Amino acid sequence: MSVSRVAEEGLADPSLPRDNGALVFDAPWQGRALAMAVLTVERTGRQWDDFRRHLIACIDDDPERAYWESWVVALDRFVHEVGAAS
Amino acid sequence: MSDDHHHPSARTPIEDRVDALEALLVERGIIDPAAIDAIVEHYEHAVGPMNGARVVARAWVDPAFRARLLADGTAAIAELGFGGPEGDHMVVVENTAAVHNLVVCTLCSCYPWPVLGLPPNWYKSPPYRARAVREPRVLLAEMGCAVPDDVEIRVWDSSAEVRYLVLPERPEGTDGLDEDALAALVTRDSMIGVARL
Amino acid sequence: VMMQGHLSGRFRHAIERMDPSWYLASSYYEHWLTAAATGLVEAGIITQADLDARLGAPFPVARPMRAPRLADPGPSVDAHRFAVGDEVRVREWHPFGHTRAPRYVQGKRGTVVRLDGIFSLPDVEYHCDHKRTEPTYSVRFEADELWGSPGDPVHVDLWDSYLEPVTE
């Protein structure tokens, strides 16, 4: 299937955990969190960088925290930023 | 994947949080659950280096296919069902006892997506792009790939429309393996040329 | 290299013109260095060749500023001028706009090893409403020729108009 340009950008994010090029998810919620970030960016007309800024900030806030947990915190902040939770 | 929506047993806090975010986004009409499932499905089956590994394994077991692959990479790769954007003009370069091939894109990060998936970060980095053409032998040694002195390193700079795939030499002691087992031996790095199998 | 106030505008513009994926992965200092180098090259204080010689490799700088639009794409070429085995030299020029001729092969001599398809010339396509198509080649360059010292050969894929015949 073909996916949107935003989905390809999300898929290509350099911070995502990989094994020999393929994405690695330890649990289904991680793949869903990735998909939700992609779809929120796409459906609100934002750029992937708008989400990524939050991801980088969350990782910086707590570098010891697991990557995907930081992702979810970032997603939470991003969702609120785009006004979805207002 | 979508089963998780309907089997809420023993959810961890993080799963609860992901569920809550999804519910919020759905409620606001921003996304729908089917769209999430579709993207996850795509990611799980997204192109990866196993495509290229299957091409290599086929070439190892089938000399006629190997010949076709070296003569017209795009057509032979298409026989296995692979192709598409960034793979419309494939050239396959074979490693031999006398030659080791290395692929780079000095101008940006051109890469044969349909057979190798996404380019690794180091492939896109300015140091790799500069050093692969300037000092490939030293670079490869640093990356853990020792190329014997009597083997020529041929660097291929993907500066136009052609995309390259390296056909590594078949490792010794693999005569008894079938195609699937052989494909499992092939790494992405060996098909870029920064590793030998 | 000290960046003075009057260069800060170009400095920021040079950072903006860095390839985005590169920018996001770079450290602060790599940004600074790229912008500084780009600014100096564009101000004519040093040349790209100076940077490349210092590094011993092509020195990455930010993408060039937008070049003027071309009204005329020039004639398309539908037949390869060169054959496998021909000796060719890459033209040496410093385009203000986009080109797919890597700097490290400009002016260098090599051998055609493969004839490839006919494609739109990016130098034109990026700056013109019309395309110009030309044949492409893979050209082999020896390390001696590229860097002045022994080493391994590099093959570069080049468009027809980048190449001139070598006259003995």
Side-chain angles (χ1 to χ4, degrees), chain B residues 70-74 88-93 98-111 118-141 145 147-164 166 193, chain C residues 18-26 30 33-34 37 51-53 55-61 63 90 98-105 113-122 133-143 146-160 162:
Chain B
L70 296 176
D72 183 342
T74 311
D88 292 326
H89 309 286
M90 291 296 308
V91 169
V92 181
V93 287
V99 173
H100 177 93
N101 295 283
L102 176 65
V103 182
V104 65
C105 176
T106 62
L107 292 173
C108 43
S109 57
C110 301
Y111 192 76
L118 292 163
N121 283 344
W122 54 259
Y123 181 88
K124 301 186 284 189
S125 73
Y128 177 78
R129 288 158 52 204
R131 297 180 69 203
V133 295
R134 181 65 183 86
E135 47 178 9
R137 199 166 290 266
V138 170
L139 175 65
L140 287 180
C145 180
V147 179
D149 290 342
D150 60 346
V151 174
E152 175 180 271
I153 296 177
R154 289 185 185 165
V155 185
W156 302 89
D157 188 351
S158 323
S159 47
E161 299 294 322
V162 165
R163 299 291 172 263
Y164 293 94
V166 175
Chain C
M18 282 174 68
D19 184 273
S21 63
W22 172 13
Y23 178 81
L24 288 171
S26 289
E30 193 174 343
L33 180 62
T34 301
L51 287 173
D52 295 349
L55 182 64
F59 189 107
V61 295
R63 291 174 294 183
V90 181
H98 186 78
T99 185
R100 293 292 291 189
R103 285 191 175 90
Y104 71 93
V105 296
V113 300
R114 196 182 66 236
L115 306 193
D116 290 326
I118 296 174
F119 301 108
S120 169
L121 180 64
T133 58
E134 292 183 352
T136 55
Y137 308 84
S138 177
V139 180
R140 172 180 168 125
F141 300 88
E142 302 304 325
L146 294 178
W147 320 115
S149 54
D152 296 285
V154 181
H155 303 75
V156 183
D157 295 338
L158 300 165
W159 269 263
D160 194 281
Y162 297 161

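What you are looking at is a predicted structure, and each value in this text was computed from that prediction instead of being measured. Quick note on labels: first sequence line is chain A, next is B, and so on, each numbered from 1.
- Here the shortest heavy-atom pairing between P153(C) and I153(B) reads CD-O, 3.2 Å.
- Taking the side chain as every heavy atom from C-beta outward, Y164(B) and S138(C) approach each other to under 4.5 Å.
- Remark: side-chain polar atoms of R100(C) are not paired, donor with acceptor, to backbone N or O of A160(B) under 3.5 angstrom.
- Of all the listed residues (Y137(C), W159(C), F141(C)), the one sharing the greatest number of non-hydrogen pairs under 4.5 Å with chain B is W159(C).
- In this structure the side chain of H155(C) never reaches within 4.5 angstrom of the side chain of V155(B), judged on heavy atoms.
- Using a 4.5 Å cut-off between heavy atoms, Y104(C) touches chain B through its side chain atoms alone.
- No side-chain heavy atom of R129(B) sits under 4.5 Å from any side-chain heavy atom of P102(C).
- In this structure, V133(B) and W147(C) have side chains that are in contact, with non-hydrogen atoms separated by less than 4.5 Å.
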**OP:** Using the side chain to side chain contact (heavy atoms under 4.5 Å, CB included) rule, take V91(B) and R114(C) through it: C-alpha gap first, then chi angles, then the decisive distance, then the call.
**Re:** CA-CA 10 Å; V91(B) 169; R114(C) 196 182 66 236; 3.8 Å; yes

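- When heavy atoms are compared at a cutoff of 4.5 Å, S125(B) does not approach chain C at all.
- Under a 4.0 Å N-O distance rule, the pair E152(B)/R140(C) qualifies as a salt bridge.
- Expressed to the nearest 0.5 Å, how far OG of S120(C) lies from CD of E161(B) amounts to 8.0 Å.
- A salt bridge links R137(B) with D152(C): the distance from a Lys NZ or Arg NE/NH1/NH2 to an Asp or Glu carboxylate oxygen falls below 4.0 Å.
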